[in-house]
Colleague: 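Before anything else, here's the structure in question.
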2 protein chains.
Amino acid sequence: MWYNGAVNARSENRIEMVLEFLGQKGAYLILRQLLEGPQRFGELQERTQLLPRTLSLRLKEMEAAGLVTRHRFAEVPPRVVYELTPRAEKLKPVMDALEEWAREA
Amino acid sequence: MWYNGAVNARSENRIEMVLEFLGQKGAYLILRQLLEGPQRFGELQERTQLLPRTLSLRLKEMEAAGLVTRHRFAEVPPRVVYELTPRAEKLKPVMDALEEWAREA
DNA sequence: CCGGATCCGGCTCGATACTG
DNA sequence: CAGTATCGAGCCGGATCCGG
């Protein structure tokens, strides 16, 4: 994603690409949810209240960006678990700081 | 802005609104520029390479959000200087941290 | 010099189906 | 369960022209 391609080719440097991604619908919500631990598609859907389409799009982008890994289990019914990469988890303190800023004053 | 209204009414909480704003074209660039100190419209325009329209929109949004103050001088030719509010300057460490994250690995 | 007004193409999102 | 397909609406940004 912000290694090889771009979210939508508007931004040319990494920070702008990250911000552009996080500015999209649901991106922050999904990130926050997954920071609590690995979760299934359905769990994410009901907790974020996102349409499957939107959730699917964001997850795919995050996977391409190296922020999440997707684990597919060949069961019936099928089970898919999404988990943040170590790189993505390093975002936690930054997000905490940003939230703190947003909260105060 | 993210006190009373919304950027475009898509997000309902503050952090999402901030991220939604920062994800827009030029927002981060303008913020970075103004962190260097107060600047005129024309200066911002040539340094960010944004269309006047886009720059004007972002600045207005930032003003409404309490991130910048606008100083108008009744001269000929007119001079307008934009300056970050203390609240906006508190974003610097957060942005630094985010940039650092984006830079590494 | 500092923008505002307008027009318009494209992308994003929402809603509603529909499958492996 | 975990998505994809399709359609349509609406906003965003680019370009150009105009005004105080």
Side-chain angles (χ1 to χ4, degrees), chain A residues 1 5-12 16-17 19-30 33-34 38-65 68-83, chain B residues 1-2 5-12 16-30 33-34 38-65 68-83:
Chain A
M1 177 79 65
V7 176
N8 60 20
R10 209 174 71 207
S11 308
E12 49 297 325
E16 284 181 89
M17 287 181 197
L19 290 171
E20 190 177 331
F21 166 73
L22 288 172
Q24 287 181 305
K25 180 67 182 283
Y28 170 80
L29 243 56
I30 297 170
Q33 265 307 310
L34 288 178
Q39 286 166 67
R40 305 180 55 171
F41 188 89
E43 293 174 328
L44 287 170
Q45 195 180 345
E46 65 176 321
R47 285 164 188 165
T48 61
Q49 291 292 83
L50 293 170
L51 290 174
R53 170 188 151 82
T54 307
L55 180 56
S56 176
L57 285 172
R58 290 303 92 83
L59 285 172
K60 233 181 277 190
E61 290 166 2
M62 293 176 79
E63 193 182 1
V68 302
T69 52
R70 203 190 131 174
H71 306 281
R72 209 176 308 90
F73 297 91
E75 307 170 355
V76 178
R79 184 162 57 102
V80 179
V81 176
Y82 293 90
E83 181 180 13
Chain B
M1 176 78 66
W2 40 73
V7 176
N8 61 17
R10 209 174 69 204
S11 307
E12 50 297 326
E16 284 181 270
M17 287 182 197
V18 176
L19 289 172
E20 190 177 332
F21 166 73
L22 288 173
Q24 287 182 304
K25 180 69 181 285
Y28 170 80
L29 242 58
I30 296 170
Q33 265 307 309
L34 288 177
Q39 287 166 64
R40 305 181 55 175
F41 188 89
E43 294 174 328
L44 287 170
Q45 195 180 343
E46 64 176 322
R47 285 164 187 166
T48 60
Q49 292 290 84
L50 294 170
L51 289 175
R53 172 187 149 85
T54 307
L55 179 56
S56 176
L57 285 172
R58 291 303 92 83
L59 286 171
K60 230 181 281 186
E61 290 166 1
M62 293 177 78
E63 192 182 1
V68 301
T69 52
R70 201 190 125 153
H71 306 281
R72 212 175 307 88
F73 297 92
E75 306 171 354
V76 179
R79 185 163 56 100
V80 180
V81 175
Y82 293 90
E83 182 181 12

Colleague: Counting the atoms with a prime plus P, OP1 and OP2 as sugar-phosphate, which does R53(A) contact under 4.0 Å by heavy atoms, base, sugar-phosphate, or nothing?
Modeller: base
Colleague: Are OP1 or OP2 of dA2(D) and a side-chain N or O of R79(A) less than 4.0 angstrom apart?
Modeller: no
Colleague: Both L50(B) and F41(A) contact DNA chain D. Taking the nearest nucleotide for each, which residue is further toward the 5' end?
Modeller: F41(A)
Colleague: Nearest to the side chain of P77(B), heavy atoms from C-beta on, is which of dC1(D), dG13(D), dC1(C)?
Modeller: dC1(C)
Colleague: Which nucleotide in the list dG3(D), dG4(C), dG14(D) gets nearest to the side chain of K25(B)?
Modeller: dG14(D)
Colleague: In whole angstrom, give the distance that lies between atom CG of L51(A) and atom C1' of dT12(C).
Modeller: 12 Å
Colleague: Identify whether any heavy atom of Y82(A) sits under 4.0 Å from a base atom; if not, whether one sits that close to sugar-phosphate; answer base, sugar-phosphate or nothing.
Modeller: sugar-phosphate
Colleague: Distance check needed: dC1(D) C1' versus H71(A) NE2, whole Å only.
Modeller: 18 Å
Colleague: Is the backbone N or O of R40(B) less than 3.5 Å from a side-chain atom of E43(B), with the two atoms forming a donor-acceptor pair by type?
Modeller: yes
Colleague: Let me know the distance between CG of L57(A) and C1' of dT4(D), rounded to the nearest Å.
Modeller: 10 Å
Colleague: For P52(B), does its backbone N or O pair with a side-chain atom of S56(B) as donor and acceptor, under 3.5 Å?
Modeller: no
Colleague: Whole angstroms only, please: what is the CD-P distance between E20(B) and dC12(D)?
Modeller: 8 Å
Colleague: Could you tell me whether the side chain of F21(B) reaches within less than 4.5 Å of the side chain of E61(B), counting heavy atoms only?
Modeller: yes
Colleague: On DNA chain C, compare the nucleotides closest to P52(A) and G23(A); which residue's is nearer the 5' end?
Modeller: G23(A)
Colleague: For the residue pair L22(B) and L22(A), establish whether any side-chain heavy-atom pair is separated by less than 4.5 Å.
Modeller: no
Colleague: For T54(A) and L50(A), indicate whether the former's side chain and the latter's backbone hold a donor-acceptor pair under 3.5 Å.
Modeller: no
Colleague: Closest to the S56(B) side chain: dG4(C), dC1(D), dT4(D)?
Modeller: dG4(C)
Colleague: Between dG14(D), dG14(C), dG3(D), spot the one nearest the side chain of R70(A), thanks.
Modeller: dG3(D)
Colleague: Any base atoms under 4.0 Å from R72(A), or only sugar-phosphate, or nothing? Heavy atoms, all strands.
Modeller: nothing
Colleague: Main chain of Q33(A), side chain of Q39(A): is a donor-acceptor contact present, judged purely on distance under 3.5 Å?
Modeller: yes
Colleague: For dC12(D), does OP1 or OP2 lie under 4.0 Å from any side-chain N or O of T54(B)?
Modeller: no
Colleague: Rounded off to whole Å, could you give me the CZ-to-P distance for the F73(A) and dG3(D) pair?
Modeller: 13 Å
Colleague: Send over the distance from E43(A) CD to dC1(D) C1', rounded to a whole Å.
Modeller: 12 Å
Colleague: Check this one for me: any side-chain N or O of K60(A) less than 4.0 Å away from OP1 or OP2 of dT4(D)?
Modeller: yes
Colleague: Taking CD from Q24(B) and P from dC12(D), how many angstroms apart are they, rounded to a whole number?
Modeller: 6 Å
Colleague: Using a cut-off of less than 4.0 Å, is there contact between a side-chain N or O of R40(B) and OP1 or OP2 of dC2(C)?
Modeller: yes
Colleague: Of all the choices, dA2(D), dG13(D), dG20(D), which nucleotide is nearest to the side chain of V80(A) once you look at every atom?
Modeller: dA2(D)
Colleague: Would you indicate what R58(A) reaches in the nucleic acid, counting non-hydrogen atoms under 4.0 angstrom: base, sugar-phosphate, or nothing?
Modeller: sugar-phosphate
Colleague: What is the distance from CG of L59(A) to P of dC1(D), rounded to the nearest Å?
Modeller: 17 Å
